[in-house]
Structures are given as structure tokens and as C-alpha cells.
Visitor: 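My questions all concern the structure below.
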Amino acid sequence: MPPFTTLTGVAAPMPLVNIDTDMIIPKQFLKTIHRSGLGKNLFDEMRYDREGNEIEDFVLNQPAYRNAEIIVAGDNFGCGSSREHAPWALLDFGIRCVISTSFADIFYNNCFKNGILPIKLPQEAVDALMDDARNGANAKLTVDLAAQTVTSPDGTEYGFEIDQTRKHNLLNGLDDIGQTLEKSAAIDAFEAQAGQSRPWV
């Protein structure tokens, strides 16, 4: 998966709390096993009316946020079912980072496996970044994973915590398979030794 190092991009404000995975990608779009193509249905029931027309006041339909790469969200983002299609849809739309005060555990873990950085910050920091995001495309946030900071348009920095293994994997673009392949030399050496000592296996 693509590495995550530094991201400077438009942040879409989504102050709703308890945005669940069915809101992120409704159940009728879960038939696919492909990670691509789901971006057009991200927040489908919030983005489109029953005739398939865009709902103008939904944030991602507004011109300033059509190319958003960051979401600043309310508390408990990604709650609900465990569907991995939720981060797939976010990533396919172009979202690489979600900032909130808290995330549902399974969604949080799935983000790291798919190249999305979920950042937990205190309420006052999220409130300030939400205000920045409301200023539209001219107010971009910068997320520096190596430094573990989010920088607002006026230069204010907010530090965030992250598990160092997850940080390493994101910086290097490693999913679960990539982590295993990092140890391929050790695996090959073990198999060669095992083949000699236990040829019957």
C-alpha cells in the first residue's frame, strides 16, 4: 500500500458523533471483494437523494471539499459493524487521514491495514481543527507522521500518539503481507534449516 509520510490537504468538517460504518458505506455495496470503486458510494445515503442526485449541502458535495484528503469528525467515528469496506471506500475517495476524539476499535485497526491514518486528539484540539476545516479549500492541514503532528493553517501544532509498530508500517507502506515479507530472509533460513533437520516434514 502507498506509504504515509506527510500529507497537506483539504480537511472536510463532519461534526456528527457516532458516524457508523453503515453511514460510511451502506450495506448494499458490500457485495464486492475489490478495494477499488467504492469511493463513489462513500456516505452514499448522505450524498445522494433517492433519484441519485447529489444533495448540495452535504460537505463532500460542496466545491471546497470535493478533493478533501482529511476528515475532521465527531466522537466515536467508525462505530457499528466491522466491515473493512469502510476504510476501502474512504481511501478510494481519496481520504488518507481521519481526525477525531475517538474511534471504534475495529475500524481504527482496519484503517492502519489500509493506509489510512486515524488520529486521536483531545476535544479542544478537534474543535479548533473543525473550525479551520470550515474555512474551506484555502485552509489546509498538514499531517506529519514522522513528527506525529497536525499543523493548522496558522501554524499551531497538535501532537498525537501512535503505536510505533503501526507508525513504522504506515511510513513504509506495509500491510499485513508486507510485514511478513520484511522477514522473508529469516523465514527462508528457518525453512532451509528445518528441511535439513526434519526432512520428513
Visitor: For E54, give me all partners under salt bridge (charged side-chain N to carboxylate O under 4.0 Å, His left out), at least two apart in sequence or on another chain.
Guide: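 Listed in chain order: R66.
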Visitor: List, by chain and then residue number, the residues other than W88 in its hydrophobic cluster (Ile/Leu/Val/Met/Phe/Trp/Tyr, side-chain heavy atoms under 4.5 Å); write none if there are no others.
Guide: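 Noted: W88 shares its cluster with I25, F29, L30, L38.
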Visitor: In the structure I gave you, are the side-chain heavy atoms of D163 and F112 within less than 4.5 Å of one another anywhere?
Guide: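 The answer is no, as the side chains (C-beta and beyond) never meet within the 4.5 Å cut-off.
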Visitor: If the condition is side-chain hydrogen bond (donor to acceptor under 3.5 Å, both in side chains), which residues does K167 pass it with, not counting sequence neighbours?
Guide: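 With neighbours one apart ignored, the set is Q148.
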Visitor: Which atom names give the shortest non-hydrogen contact between T21 and A86, and what distance separates them?
Guide: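 Closest pair (atom of T21, atom of A86, distance): CG2-CB, 3.9 Å.
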Visitor: Is it true that atom CG of D144 has more than 12 heavy atoms of other residues, nucleotides or ligands lying nearer than 6.0 Å?
Guide: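 Yes.
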Visitor: Considering only distance and modelled atom types, tabulate donor-acceptor pairs under 3.5 Å from the side chains of residues 95-103, sequence neighbours left out.
Guide:
residue, atom, partner, partner atom, Å
R96, NE, G115, O, 3.0
R96, NH2, P2, O, 3.4
R96, NH2, G115, O, 2.9
S100, OG, G74, O, 2.6
S100, OG, S102, N, 3.4
S100, OG, S102, O, 3.2
T101, OG1, D75, OD1, 2.5
S102, OG, D75, OD1, 2.5
S102, OG, N76, N, 3.0

Visitor: Here's a test for you: under side-chain hydrogen bond (donor to acceptor under 3.5 Å, both in side chains), which of T8, T149, T6 qualifies with T142?
Guide: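 Considering T8, T149, T6, a side-chain hydrogen bond (donor to acceptor under 3.5 Å, both in side chains) with T142 is found only for T8.
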Visitor: Return the minimal non-hydrogen interatomic distance between A133 and A11, and the atom names on each side.
Guide: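 Looks like CB-O, 3.3 Å.
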Visitor: Taking Q164 for the side chain and I162 for the main chain, is one N or O donor matched with an acceptor at less than 3.5 Å?
Guide: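 Answer holds: yes.
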Visitor: Which residues satisfy the side-chain contact (heavy atoms from CB on, under 4.5 Å) test with E56, sequence neighbours excluded?
Guide: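 Partners of E56 under the side-chain contact (heavy atoms from CB on, under 4.5 Å) test: none.
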Visitor: Looking at side-chain heavy atoms only, is the closest gap between I70 and V10 below 4.5 Å?
Guide: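 I70 vs V10: side chains apart.
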Visitor: How close do K113 and M1 get, heavy atom to heavy atom, and via which atoms?
Guide: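 Smallest heavy-atom distance, with atoms named: O-SD, 3.6 Å.
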Visitor: Could you check whether D131 pairs with R134 (Lys NZ or Arg NE/NH1/NH2 to Asp/Glu carboxylate O, under 4.0 Å)?
Guide: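 Looking at D131 and R134, the cut-off is met.
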Visitor: Group every Ile, Leu, Val, Met, Phe, Trp and Tyr by side-chain heavy-atom contacts under 4.5 Å, then state whether I55 and Y65 land in the same group.
Guide: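 The answer is no; the residues belong to distinct hydrophobic clusters.
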Visitor: List the residues meeting side-chain hydrogen bond (donor to acceptor under 3.5 Å, both in side chains) with D22, not counting sequence neighbours, and say none if there are none.
Guide: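 By the side-chain hydrogen bond (donor to acceptor under 3.5 Å, both in side chains) rule, D22 matches R83.
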Visitor: For M46 and L16, which heavy atoms make the closest approach, and how far apart are they?
Guide: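 Taking M46 first and L16 second, the nearest heavy atoms are CE-CD1, 3.7 Å.
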